[in-house]
Peer 1: 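Once you've had a glance at the structure underneath, I'll fire off some questions.
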Amino acid sequence: MGYMQEARENHVKKKVEEALRSKMKQKALKECDEYTSKYAQCAAGKTLSIVWQCRKQAKELNDCLHQL
């Protein structure tokens, strides 16, 4: 198998992987919508203080997303 053929196959594999990752992300965000909303409500109107004031909501959201 030549270098060009191998490069094309790797490119196709990467595109498929990216598409799958995108679909998985959409599904996870949809299923974790409750936590996303809580985090967004906490973050509204804040800048740097989001880090410590919304830590609980961010952890809950990340935990949900990592499960999916």
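What you are looking at is a predicted structure, and each value in this text was computed from that prediction instead of being measured.
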Peer 1: Check the surroundings of atom CG in Leu48: do more than 12 heavy atoms from other residues, nucleotides or ligands lie under 6.0 Å from it?
Peer 2: no
Peer 1: For Lys15, check side-chain contact (heavy atoms from CB on, under 4.5 Å) against everything at least two apart and list the hits.
Peer 2: His11, Glu18
Peer 1: When rounded to the nearest 0.5 angstrom, what is the spacing between NZ in Lys38 and OH in Tyr35?
Peer 2: 6.0 Å
Peer 1: Counting only pairs under 3.5 Å, give me each side-chain donor-acceptor contact of residues 56-66, with atom names and distances, residues two or more places apart or in other chains.
Peer 2:
{"unit_1": "Lys59", "atom_1": "NZ", "unit_2": "Asp63", "atom_2": "OD2", "d": "2.9"}
{"unit_1": "Asn62", "atom_1": "ND2", "unit_2": "Ala58", "atom_2": "O", "d": "3.4"}
{"unit_1": "His66", "atom_1": "ND1", "unit_2": "Asn62", "atom_2": "O", "d": "2.6"}

Peer 1: With Lys25, which residues qualify under salt bridge (Lys or Arg N to Asp or Glu O under 4.0 Å), at least two apart?
Peer 2: none
Peer 1: Sequence neighbours left out, what passes side-chain contact (heavy atoms from CB on, under 4.5 Å) with Glu31? Give chain and number order.
Peer 2: Lys27, Leu68
Peer 1: Can you name the nearest heavy-atom pair linking Ala43 to Cys54, along with the distance?
Peer 2: N-SG, 3.7 Å
Peer 1: Not counting sequence neighbours, which residues clear salt bridge (Lys or Arg N to Asp or Glu O under 4.0 Å) with Lys46? List them please.
Peer 2: none
Peer 1: State which residues pass salt bridge (Lys or Arg N to Asp or Glu O under 4.0 Å) with Glu17; sequence neighbours excluded, sorted by chain then number.
Peer 2: Arg21
